[in-house]
Protein chains: 2
Amino acid sequence: MKTSSTEENYIKAIYKLEEGQVKNAVTTNDIAARLSMQPATVTDMIKKLAEKKLITYKKYYGVSLTEKGKTIALDIIRKHRLWEVFLVKKLKFKWDEVHDIAEQLEHINSDELIQKLDDFLENPKFDPHGDAIPDRDGKIKTIKSIPLSIASKKLTYIFSGVSNHETRFLQHLTNLNLSLGNTIDVDSINEYDGSLKIKINKSHNEFLSEQVASCILVHPKNDK
Amino acid sequence: MKTSSTEENYIKAIYKLEEGQVKNAVTTNDIAARLSMQPATVTDMIKKLAEKKLITYKKYYGVSLTEKGKTIALDIIRKHRLWEVFLVKKLKFKWDEVHDIAEQLEHINSDELIQKLDDFLENPKFDPHGDAIPDRDGKIKTIKSIPLSIASKKLTYIFSGVSNHETRFLQHLTNLNLSLGNTIDVDSINEYDGSLKIKINKSHNEFLSEQVASCILVHPKNDK
DNA sequence: TTAATTATTTAGATTAGTCTAAAAATTTGT
DNA sequence: ACAAATTTTTAGACTAATCTAAATAATTAA
């Protein structure tokens with residue numbers, strides 16, 4: 001069964017919302033907000049997706065992806081992240097420039113293409129923002145990382161990902177000279193506002209607000 | 001002004017039809033046949049394109065692209081051909097496998113992307129089928145090639161392009177071990193059916209029907 | 001040159017995806 | 001527990017892209 005780009009965008013949105021929630025159902029308003037659509041529009045589309053058995057839907061309650069829906073979501077995410085790797089590694093885009101283009105490329109329909117792209121890129125496991133790339137069968141590594149905002153003083157971490165993909169945020173990290181894989185030593189944590197003083201890659205000191213630290217994902221060094 | 005993928009496909013079709021015709025106008029039925037659409041559908045769309053000043057349109061007569069329309073057509077063709085180079089050179093697709101994927105990729109919208117892709121591919125001038133790639137300003141090389149079917153006996157030619165892009169035709173050439181850039185020596189031409197005996201790359205002899213020879217574009221050796 | 005054929009356009013309908021406004025269901029706050 | 005607020009759905013409408021059938025214009029052929 002074919003899925004339109006529009007349907008794919010809804011499926012991806014539902015997947016992302018499920019990921020970030022404890023609850024078992026995603027609401028109409030959540031989806032509407034994420035996709036900048038009217039709730040009425042979302043109701044129509046979720047009826048259609050339920051019809052196709054890509055989600056389960058209970059009126060006035062919410063939706064959740066079926067296995068079939070999850071498979072499609074992971075396939076789109078796989079394509080998005082592989083294209084991001086291509087854009088950054090091969091075409092030399094900056095990590096904050098690739099999102100919108102990958103949003104278009106992720107809907108290109110050709111299994112053969114994605115397979116060959118994956119091989120060409122040498123089967124990368126992570127995209128330029130540190131997000132894991134699902135394999136061909138939809139298997140995805142769950143990385144046990146934590147926000148830097150709950151890190152412990154005097155420990156050393158590895159910068160492994162971000163939980164905010166906005167251009168402005170990514171540019172801020174670039175300006176701090178902070179890149180994926182860098183070590184982060186937490187020198188001190190301000191008790192009042194949660195801000196941190198850190199040392200990046202054993203070389204330069206920086207100051208991070210709690211707001212920024214909370215979007216930086218790390219794992220303890222020598223543990224991964 | 002934005003153009004939808006659908007509009008782009010019409011513009012490209014009109015461009016291709018203009019290219020292959022002496023007449024100054026392309027008819028509704030031509031476009032309908034090329035795009036496998038109903039003439040009534042085409043009439044609606046050409047009204048829309050005329051409204052946008054991408055074509056000139058005279059009722060019951062036909063259409064032709066404006067400068068604006070031509071610019072868009074050449075931009076799509078540029079994108080299509082650059083993606084084909086990418087697919088063949090980098091992803092190792094065969095030359096007969098890339099058309100449908102490039103048809104999708106050509107509608108991806110990002111000037112920055114195409115510029116970087118062009119550079120990544122080292123600014124190729126021809127696609128895998130020997131068609132010239134328009135430059136960023138829409139300038140396109142017109143190559144003075146002829147169909148092999150009107151070639152002269154005992155002369156040596158270079159295989160420079162095809163006028164038929166069907167998978168089955170391209171596979172036939174592959175089976176003959178004939179690739180772009182190969183030399184073709186015309187040994188003899190059959191007077192009755194126009195078939196040719198040729199030697200490819202000074203190494204192996206092949207037989208070509210007139211039908212096949214007419215879709216093979218060549219230029220005389222040491223002239224180009 | 002006029003009747004027959006062919007090509008094109010118009011008219012009316014359909015589907016996908018979107019909207020606004022109003023109705024209905026659920027949740028919240030006192 | 002019930003009124004108020006919020007969320008969700010329904011109803012009706014719009015646009016883009018498509019179709020079929022019918023009407024009209026242009027071309028061809030006798």
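The structure displayed is predicted, hence computed values, not measured ones. Throughout, a chain's letter reflects where its sequence line sits, starting with A, and its residues are numbered from 1.
For the pair B:Glu7 and B:Lys52, the salt-bridge criterion is met [side-chain N within less than 4.0 Å of a carboxylate O].
Annotation: proximity of residues 54-63 of chain A to DNA chain D (heavy atom, distance under 4.0 Å) is found for A:Tyr57, A:Lys59, A:Tyr60, numbered in ascending order. Within residues 36-51 of chain A, the residues approached by DNA chain C to less than 4.0 Å at the level of any non-hydrogen atom are A:Met37, A:Gln38, A:Ala40, A:Thr41, A:Asp44, A:Met45, A:Lys48, in residue-number order.
Judged by distance alone, the side chains of B:Thr174 and B:Trp95 do bring a donor and an acceptor atom under 3.5 Å apart. With 3.5 Å as the limit, one finds a donor-acceptor pair spanning the side chains of B:Glu8 and B:Thr3. Donor-acceptor pairing under 3.5 Å is recorded for the side chains of A:Asp30 and A:Thr27.
Note on residues 40-82 of chain B: pairs passing ring pair (Phe, Tyr, Trp, His ring centres under 6.0 Å), not counting sequence neighbours, are B:His80-B:His99.
Remark: A:Phe159 pairs with no residue by the ring pair (Phe, Tyr, Trp, His ring centres under 6.0 Å) rule, at least two apart or across chains. Listed by chain and residue number, A:Phe86, B:Trp83 satisfy the ring pair (Phe, Tyr, Trp, His ring centres under 6.0 Å) test with B:Phe86 (two or more places apart in sequence, or in another chain).
Between B:Thr6 and D:dA16, a side-chain N or O to OP1/OP2 separation shorter than 4.0 Å is absent. A:Asn29 has no side-chain polar atom (N or O) that falls below the 4.0 Å cut-off from OP1 or OP2 of D:dT6.
Under a cutoff of 6.0 Å and an axis angle of 45°, A:Lys70 and A:Tyr15 do not form a cation-pi pair.
Nucleotides of DNA chain C with any atom under 4.0 Å from a heavy atom of chain A span, from 5' to 3', C:dA16 to C:dT26.
Atom CD of A:Gln211 has 12 or fewer heavy atoms from other residues, nucleotides or ligands within 6.0 Å.
When the options B:Arg81, B:Lys12, B:Lys79, B:Arg78 are evaluated for a salt bridge (Lys or Arg N to Asp or Glu O under 4.0 Å) with B:Glu106, the one that passes is B:Lys12.
Between B:Tyr10 atom OH and D:dA16 atom P there is a gap of 14 Å when expressed in whole angstrom units.
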